[in-house]
Asker: 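Got a structure for you, questions after.
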Amino acid sequence: MTDNKAHCKPRPLAGVNVYALKLTPLEGFIFSQLDGQVSVEQLADICQLPEENVLEAIDNLLKLKAIELPDSDMPTEYSRPAPTAKTEPAVAMAPRSMNEQPQYEEGIYLNAEQQREVDRLLALGEEENPLLILGLTADAAFADVKKSYFKLAKVYHPDRFYGRELGSYQEKLATLFEMINQAFNTLSKPRVFELWRKRLAENPAASSQLKKENSKNQLIAVDDEPPPQMVPSPAKAHSSARRYSSPISQELEEVRQNILKERRQRQNIYVDRLGKADEAMQAAILKLRDGFLLEPCEKIAMICTLVPDNPFYQSLRADFFLDENHPSYMDLLQVEVLVDSGYLDKALAGYAKLSKEYYKISAFHFMESLLLYRQNEVVKAMNAIDKALAVSPEQLLFLLHASRVSVACKNNSGKDYFWVRAIALAKKLSCDISVIGQLLVYKPAEQQNKSEKQAE
Amino acid sequence: MEPVIGIDLGTTNSCVAIMKGDGYPKVIHNKSGSNTTPSMVAVTDSGKRLIGQLAKRQAVVNPQNTVYAAKRLIGRRYDDREVQKALKTIPYKTERGPHDDVRISLRNHSYAVPEISSMILNGLRMVAQDYLGRPVTKAVVTVPAYFNDNQRQATKDAGKIAGLEVLRIINEPTAAALTYGFSRNVSQKVAVFDLGGGTFDISILEIDQGVFNVITSAGDTFLGGEDFDERIMEWLVLNFAKECKVDLRTDRMALQRLKEAAENAKIELSTVSEVQINLPFIYSTPEGETLHLTANLSRDKLNELGADLVERCMHICTETMQNAGIKPADLDDVLMVGGMSRMPAIRDAVTKCFGITPSYTVHPDEAVALGAAIQGWLLVSGNTDTLLLDVTPHDFGILVAGGDFNTIIPKDTAIPTSARKVFTTMRDNQTQVRIMIMQESSNTHELLGEFALTGLREAPKGAVRIEVTFQISADGIVSVYARDLETNRCQSVTVTASSGLTNEEIQRMIQENTDYLVTSEATQKFETLHVEAERYLRQFKLLLPKAIMTLRSSSYGDDALQKASTVVSRLQEAIKRRDLNELENSLAPLKRTVELFEKLTKDQ
């Protein structure tokens, strides 16, 4: 069993009668999102819901045989060392994973051992600490970066494999070298290197993943520790190692771990970007000026740089903050950073303040509502989305959310109303089938017959 | 192992090299015995293509149909400032091509610039084939490090048209460094100063453990020896105008002669301090008076004429070092590459700029081709000791709202590489975005290509997320993908340059090129047989009177004579109609007749 399920994309099975399934609204929503394109990891983000809920829903859907997980040994997937083998040292693992995966490609330029090495490096992942990709430890010196980059380049540069028969490794090797290059580019500045090195020193879990792990519980404990940098982990709220009774609980546990890992990796990127805060700052200003939304890392960079004696601060004030008709970007940014970093309560207060001050901007109400819903404050969420809809009644996204909230509200007054409005709007906008599908899942029971007709 | 040749496709001169069995690269000399071949192509009255030295020799009498410095035009748009500047001084005719590219018109046939380059590549391939005695189909071709994506792509196309599989496009300075450090176990930081006929490059590399790692590259693709030649030409024209009140620029043949004289003078001034330029009969006035040009050019005057060009090179050098955070003291050596690096003024300036007396370790004309040959060998031989790691010399990115440039892959990123960034829409309900792929070099932006990602969800601005991925291959060629993160709808483009050739066009050109190879071979065969036939005809005519005397007495004489005259007339007819088959068929009977006549007259 491999833990790459988080990357695989569950797809609905053909011929399933959705109405016979007796799904909860949440399961319905998740079901409507599954199209064989969305991975489990992405799903948690799309839903903006706590992971437990998502995982339980997937668990249920699997039990109901409504969806399937694609085979784990698909050619495009790369296998990672099995976490079940964690009780054994890594050396002993090697022959075992050979037995488990006898499908090494033969007749290509790489032998089985080399193939395994490529897979191992690839499994470290693009967003893992770049030191690990270059095979460095926490006590590495800056000069070692170049040395080991050269060493790796000599092995994995595409020139080495020119015109060779590589099978599926053709693509893998290309990705791998790009990864190595990126790791080198990242670490080629001493300051950034130092940041990453410290991270590795403080949090050796990632590096020891393949070597030292003795038990699974230990791994989880490390995983759930907040990363040592300034960004607190949003995963903290769900730290207890849950046990699932279903047979696939093990898999789900792995999926969950992957999600946590991905979060951590994302934070690693923020740290990396902070190394280039000035650069990000300039890019962010340009983006803001063009009306683009900012990436989280850019927001953080901005906040960090927004101290009064920073020259950027002055120019930003001149550009944005003195505009009467504009929401205060500074506040907005702070709130969004709070969301990104998991301080939901503070973020909520921020949105409340924003939506009070800029009552004409419906998005603030919407965001507030989303957050409230995430914290199971459904009634307050309903109120907030009501306000948002008062300003932008034609927002399909808001309507969808409204019907979702109203279902959760157990207060039946709103739900038909929002649902009917949403489906009418969806028709008007001639939305594609996935949106209609979402609506169908939300529909209240008594509307079933009607909706079937409409779906036809 | 099939041989892989290394080709330095230069602006004025090209060079070809091969890796020999003993592990050392060697330059292959051409038929006229020189190691470099002029990058010139001409088409003669009879439609014959001339390449290299042959083309150069006839340039003065056939200026309209002789192409030189095609590299300055390759992969560029017709409206580029550089192209327009170049068009003012070139004697051959150009026109705007269907993709806004430059087309060169020779004898009423329009050629794309890669086609012209392909002829030179083909010529070099022939040189290698003659040397090796076996067909050559694989090559590594070099381009200036500062060449942009369009120019690289066009060079690759040229190889394709010439029927060569271009294994890799590598940068000239990198190739030179490879020649310098190959199989010498050194650990150094070197700068490569490459000033060729048309382009200038500066690269700083680090050589360690057999890895050639480029730290930074910069340059100017429109700065080279040709510019110095032009300065001398301008000076000559100006002096002549002052003296004789005649503008020589109106006369294409005079221009060609001036260009040649200027180039020679410049070369000579590297070794002597003054030259005399003599161009007799350069112009005849309408009144029938012939004018001669004589001028004395000193090295100081040349330095004065080209001072700003040298200044430009040095400015790029200092800027590059500054940007990469490299001090002259860090460098172990400066390699001088390209013919222009022989100019004393350049050597002095380099010494001053880098604080190092430039090295003579590599041959300025041959190092690049040798490096290309080494790289070709590295690719196919499975050698694991040496490796080239190059960087991209430009910033790549896309245009965002407001016309601002948003960098996705910054300059000096090691290639191959890929990078992605997420963008979003800027208007409500925007259903498509235009992705404008740009390249930034020294604060000017160049459009490499564009495409549209359509079918976006109607949503408020900023809600749709679009991921743009840039990928740069080991050849330095850029591909771009854009993906709607919601629908996974994907659009991609390998930037085939808005000024480039389409696949069909390349196929057609490959076809035409092979056609030409076949006909050219036929012509050559005909010429050989023709010469032979003429020899036999002469002999036949010599022997005929005696043979008639002898044959008259014999019974079969009349018959034989009759037959002989039929053969001769058939042969003459074949020559007249240039009919190869007929010529072949009738030559054998003529040979027999002549032999018979010889025997008869000897017997007598």
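Below, read A as the first sequence line, B as the second, and so on, with proteins coming before strands; counting in each chain starts at 1.
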Asker: Counting only heavy atoms from other residues, nucleotides and ligands, does the tally under 6.0 Å from NZ of B:Lys189 exceed 12?
Answerer: yes

Asker: Identify the two heavy atoms, one from B:Leu389 and one from A:Phe177, that lie closest to each other, and give their separation to 0.1 Å.
Answerer: CD2-CZ, 3.9 Å

Asker: So for B:Ser473, is it side chain, backbone, both, or neither that comes closer than 4.5 Å to the heavy atoms of chain A?
Answerer: neither

Asker: What residue, out of B:Thr417, B:Leu388, B:Asp412, B:Val380, has the most heavy-atom pairs lying under 4.5 Å from chain A?
Answerer: B:Thr417

Asker: What part of A:Tyr149 gets closer than 4.5 Å to chain B, counting heavy atoms only: side chain, backbone, both or neither?
Answerer: side chain

Asker: What distance separates B:Leu379 CG from A:Phe161 CZ, expressed to the nearest 0.5 Å?
Answerer: 12.5 Å

Asker: So does B:Asn383 get a backbone contact from the side chain of A:Arg160, meaning a donor-acceptor N/O pair under 3.5 Å?
Answerer: yes

Asker: Please check if the side chain of A:Lys154 supplies one atom and the backbone of B:Gly210 the other of a donor-acceptor pair under 3.5 Å.
Answerer: no

Asker: Count the heavy atoms of every other residue, nucleotide or ligand shown that sit under 6.0 Å from CD of B:Glu165, and state whether that count exceeds 12.
Answerer: yes

Asker: For the backbone of A:Phe150 and the side chain of B:Asn213, can you confirm whether one donor and one acceptor N or O come within less than 3.5 Å of each other?
Answerer: no

Asker: Is a donor on one side and an acceptor on the other found under 3.5 Å between the side chain of A:Tyr162 and the backbone of B:Gly376?
Answerer: no

Asker: Using only heavy-atom distances, determine whether the side chains of A:Glu178 and B:Ser418 contain a donor-acceptor pair under 3.5 Å.
Answerer: yes

Asker: With a 4.5 angstrom heavy-atom cut-off, is it the side chain or the backbone of B:Ile472 that approaches chain A, or both, or neither?
Answerer: neither

Asker: Is A:Asp159 in contact with chain B via its backbone, its side chain, both, or neither, using a 4.5 Å heavy-atom distance?
Answerer: both

Asker: Output the option from B:Asp385, B:Leu378, B:Thr407 having the highest count of non-hydrogen pairs under 4.5 Å with chain A.
Answerer: B:Asp385

